[in-house]
K.L.:
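Sharing a structure here in structure tokens format.
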Amino acid sequence: MAVSDGVVKKVILSYTYVAIWIFLSFTVIVYNKYILDRKMYNWPYPISLTMIHMAFCSSLAYILVRVFKLVEPVSMSRDLYLKSVVPIGALYSLSLWFSNSAYIYLSVSFIQMLKALMPVAVYSIGVLFKKEGFKNETMANMISISLGVAVAAYGEAKFDTWGVTLQLMAVAFEATRLVLIQILLNSKGISLNPITSLYYIAPCCLVFLSVPWLIVEYPSLRDNSSFHLDFTIFGTNSLCAFALNLAVFLLVGKTSALTMNVAGVVKDWLLIAFSWSVIKDTVTPINLIGYGLAFLGVAYYNHSKLQALKASETQKKAQQNDEEAGKLLEQRDGEGTGRKSDNQN
């Protein structure tokens, strides 16, 4: 009974973490859409919103790391920070800026469909930087995902070229950031969890975003005397964004990255249903057919990655067993040699 109780408790906790992550991710996306959309809260300043998030998150991350010491900071030299963290921060700021900007022009459902291209972008850029090996089977899978998204785009009732361009740029910058994390940090033995990532990267993003903000949005905000910052709206929105990072920390730490990918698929379908039923965005049958094709491609890609991971772990265990067997044989040989010399004496 003790074993079964432990298993049940672990399963319940895993599903709880998944539910919390889906809820917070769902909330942040819908909340950002509500703030930025001209037909809703009508505050079309994506750079300003992203900067508010970064300022809030970096402040809380600093408190958690330096004041409460809940998370250990990573040992990092100034040279490493400038060469590794700064480029990642620049890409992250561009990714957030463009993805938030897309909410002004596109529906939540269509944005989720376009985000299905993320594995395609990550794989393509990984091959370009020689972090992934080119495989015909994987490339065929990537083409199937792309075709599915193309069909979904063809069926989009409110297609906006500029909005699609912004979202595709956001996907490209985010994919490049993910590949650079492997090249610039993971390859050097540096692993950042969501809290330490915010601690090091959020201030960097804030600095980068301040440049386009001064040129693009500050003049409009300065001239718009009727606007007053609503601390309830922006405070709760920022708090949700920070809580989402904590949820990622819990979900990946207590389950796995694959669980997060599967949960992400569930979240995307829920967002599409919410966008159609509550926000009243138009979702056409061609939209759903296209996204369904892309979804199958992404599911197959995740399955392939899981199988490769399992094979790698099995190979590592086999190598460890071989090494242990080799050490035992060496010990036995040593003991046998020692006995022979004792008998001769």
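Numbers for residues simply follow the sequence, beginning at 1.
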K.L.:
Can you find a pair of side-chain heavy atoms, one from L106 and one from V164, that are under 4.5 Å apart?
P.N.:
yes

K.L.:
Checking D268 side chain against Q112 main chain: does a donor-acceptor pair fall under 3.5 Å?
P.N.:
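Not a single qualifying donor-acceptor pair exists.
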
K.L.:
Begin with the C-alpha distance, continue with both residues' side-chain angles, and end with the deciding distance and a verdict on side-chain hydrogen bond (donor to acceptor under 3.5 Å, both in side chains) for D37 and N42.
P.N.:
CA-CA 5 Å; D37 197 298; N42 190 25; over 6 Å; no

K.L.:
How long is the span from the CG atom in L147 to the OH atom in Y154, to the nearest 0.5 Å?
P.N.:
14.5 Å

K.L.:
Can a donor-acceptor pair be found, under 3.5 Å and without considering hydrogens, that links the side chain of S275 to the backbone of I272?
P.N.:
no

K.L.:
Excluding sequence neighbours, so at least two apart, what forms ring-ring contact (aromatic ring centres under 6.0 Å, His included) with F295?
P.N.:
W269

K.L.:
Only counting residues at least two apart or in another chain, list the ones meeting salt bridge (charged side-chain N to carboxylate O under 4.0 Å, His left out) with K83.
P.N.:
D79

K.L.:
If only atom types and distance count, is the side chain of K280 paired as donor or acceptor with the main-chain N or O of S277 below 3.5 Å?
P.N.:
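Yes.
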
K.L.:
Show your reasoning for whether side-chain hydrogen bond (donor to acceptor under 3.5 Å, both in side chains) applies to H53 and N237.
P.N.:
CA-CA 8 Å; H53 287 173; N237 179 248; 2.4 Å; yes

K.L.:
Do the non-hydrogen side-chain atoms of P212 and E217 ever get within less than 4.5 Å of each other?
P.N.:
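P212 does not reach E217 side chain to side chain.
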
K.L.:
Is a donor on one side and an acceptor on the other found under 3.5 Å between the side chain of S95 and the backbone of L91?
P.N.:
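It does not hold such a pair.
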
K.L.:
Can you name the ring-ring contact (aromatic ring centres under 6.0 Å, His included) partners of Y218, sequence neighbours left out?
P.N.:
W213

K.L.:
For the atom pair CG (L94) and OG1 (T176), what is the distance rounded to the nearest 0.5 Å?
P.N.:
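L94 CG to T176 OG1: 10.0 Å, rounded to 0.5 Å.
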
K.L.:
May I ask you to test the V65-L70 pair for a side-chain heavy-atom distance under 4.5 Å?
P.N.:
no

K.L.:
Hydrophobic clusters here meaning ILVMFWY residues chained together by side-chain heavy-atom distances under 4.5 Å, can you tell me if Y300 and Y291 are in one?
P.N.:
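No: no chain of side-chain contacts under 4.5 Å links Y300 to Y291.
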
K.L.:
Are I289 and F110 grouped together when hydrophobic residues (ILVMFWY) are joined by side-chain heavy atoms under 4.5 angstrom apart?
P.N.:
no

K.L.:
Side chain of S146, backbone of M142: donor and acceptor closer than 3.5 Å?
P.N.:
yes

K.L.:
Keeping the roles fixed (side chain from T196, backbone from Y199), state whether a donor-acceptor pair exists under 3.5 Å.
P.N.:
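Flag not set: sc T196 to bb Y199 has no pair under 3.5 Å.
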
K.L.:
When you measure from the side chain of S99 to the backbone N and O of L96, does any donor-acceptor pair fall under 3.5 Å?
P.N.:
yes

K.L.:
What are the two closest heavy atoms between I125 and A175, and how far apart are they?
P.N.:
CD1-CB, 3.7 Å

K.L.:
Say whether L293 and M139 are linked into one hydrophobic cluster, either directly or through other cluster members, by side-chain heavy-atom distances under 4.5 angstrom.
P.N.:
no

K.L.:
With rounding to the nearest 0.5 Å, note down the distance linking CG in L209 to CE in M51.
P.N.:
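The CG atom of L209 sits 6.0 Å away from the CE atom of M51.
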
K.L.:
Report yes if the side chains of C204 and Y200 come closer than 4.5 Å at any heavy-atom pair, otherwise no.
P.N.:
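Answer no - side chains too far apart.
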
K.L.:
With side-chain hydrogen bond (donor to acceptor under 3.5 Å, both in side chains) as the test, would you mind laying out the steps for Y103 and Q167 before giving the verdict?
P.N.:
CA-CA 9 Å; Y103 287 115; Q167 186 56 49; over 6 Å; no

K.L.:
Checking F173 now: which residues fulfil ring-ring contact (aromatic ring centres under 6.0 Å, His included) with it, not counting sequence neighbours?
P.N.:
F98

K.L.:
Which is it for F234 and L49 under the side-chain contact (heavy atoms from CB on, under 4.5 Å) test, yes or no, and what are the steps along the way?
P.N.:
CA-CA 8 Å; F234 292 97; L49 182 63; 3.9 Å; yes

K.L.:
Could you give the distance from OG1 (T236) to CG (D230), rounded to the nearest 0.5 Å?
P.N.:
8.0 Å

K.L.:
Does S93 reach the main-chain N or O of A90 with its side chain, forming a donor-acceptor pair under 3.5 Å?
P.N.:
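Side chain of S93 to backbone of A90: a pair is present.
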
K.L.:
Within this structure, what is the CG-NZ distance for the pair L271 and K267, rounded to the nearest 0.5 Å?
P.N.:
6.0 Å

K.L.:
By ring-ring contact (aromatic ring centres under 6.0 Å, His included), which residues pair with Y34, not counting sequence neighbours?
P.N.:
Y41

K.L.:
Take S109 and D281, measure what side-chain hydrogen bond (donor to acceptor under 3.5 Å, both in side chains) needs, and give me the verdict at the end.
P.N.:
CA-CA 8 Å; S109 56; D281 287 330; 4.8 Å; no

K.L.:
Before you tell me yes or no, could you show the steps for V149 and M113 under side-chain contact (heavy atoms from CB on, under 4.5 Å), namely the whole-Å CA-CA distance, both residues' side-chain angles and the distance that decides it to 0.1 Å?
P.N.:
CA-CA 6 Å; V149 174; M113 293 175 191; 5.8 Å; no

K.L.:
Using every non-hydrogen atom in the two residues, find where A157 and T284 come nearest and quote the distance to one decimal.
P.N.:
CB-CG2, 4.2 Å

K.L.:
For E137, I'd like to know if atom CD has over 12 heavy atoms of other residues, nucleotides or ligands within 6.0 Å.
P.N.:
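Not more than 12 within 6.0 Å, no.
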
K.L.:
Look at the side-chain heavy atoms of Ile, Leu, Val, Met, Phe, Trp and Tyr, link any pair under 4.5 Å apart, and say whether V71 and L185 land in one connected group.
P.N.:
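Yes, it is one cluster - the side chains of V71 and L185 are joined through contacts under 4.5 Å.
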
K.L.:
Checking S238 side chain against G235 main chain: does a donor-acceptor pair fall under 3.5 Å?
P.N.:
no

K.L.:
Can you check whether L221 reaches S48 side chain to side chain, under 4.5 Å on heavy atoms?
P.N.:
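Of all side-chain heavy-atom pairs linking S48 with L221, at least one is under 4.5 Å.
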
K.L.:
Would you say the side chain of Y62 lies within less than 4.5 Å of the side chain of L198, judging by non-hydrogen atoms?
P.N.:
no

K.L.:
Consider only side-chain heavy atoms of I, L, V, M, F, W and Y, link residues closer than 4.5 Å, and tell whether I35 and F56 are in one cluster.
P.N.:
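I35 and F56: one cluster.
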
K.L.:
Report the residues that fulfil side-chain contact (heavy atoms from CB on, under 4.5 Å) with T161, sequence neighbours left out, ordered by chain and then residue number.
P.N.:
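Checked T161 against side-chain contact (heavy atoms from CB on, under 4.5 Å); matches are F159, T165.
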
K.L.:
Check step by step if side-chain contact (heavy atoms from CB on, under 4.5 Å) holds for F274 and V108.
P.N.:
CA-CA 9 Å; F274 181 87; V108 169; over 6 Å; no

K.L.:
Hey, can you tell me if W43 and Y45 have their rings parallel, tilted or perpendicular (30° and 60° cut-offs)?
P.N.:
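Aromatic pair W43/Y45 classed perpendicular.
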
K.L.:
If you compare all heavy atoms of M40 against all heavy atoms of K33, which two are closest, and at what distance to 0.1 Å?
P.N.:
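Scanning both residues completely, I find the closest heavy atoms to be SD-O, 4.2 Å.
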
K.L.:
When rounded to the nearest 0.5 angstrom, what is the spacing between NZ in K158 and OG in S107?
P.N.:
8.0 Å

K.L.:
Minimum heavy-atom separation for A294 and I145, please, with both atom names.
P.N.:
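Scanning both residues completely, I find the closest heavy atoms to be CB-O, 3.8 Å.
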
K.L.:
Just do the side-chain contact (heavy atoms from CB on, under 4.5 Å) check on I181 and R177 with the steps written out, would you?
P.N.:
CA-CA 6 Å; I181 285 173; R177 182 184 77 90; 3.5 Å; yes

K.L.:
Below 4.5 Å, heavy atoms only, C-beta onward: do I190 and L80 meet side chain to side chain?
P.N.:
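The answer is yes; the side chains approach within 4.5 Å.
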
K.L.:
Quick one: does S210's side chain have a donor or acceptor within less than 3.5 Å of a partner on V207's backbone?
P.N.:
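Looks like yes, one N/O pair under 3.5 Å.
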
K.L.:
With heavy-atom distances below 4.5 Å as the criterion, would you say the side chains of E174 and Y92 are in contact?
P.N.:
yes

K.L.:
Specify the closest pair of heavy atoms between Y31 and I233, including all atoms of both residues, with the distance to one decimal.
P.N.:
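For Y31 versus I233, the nearest heavy atoms are OH-O, 3.1 Å.
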
K.L.:
Using a cut-off of 6.0 Å, state whether more than 12 heavy atoms not belonging to K188 lie near its atom NZ.
P.N.:
yes

K.L.:
To check you understand the geometry: which heavy-atom pair defines the closest contact between N245 and P194, and what is its length?
P.N.:
O-CB, 3.2 Å

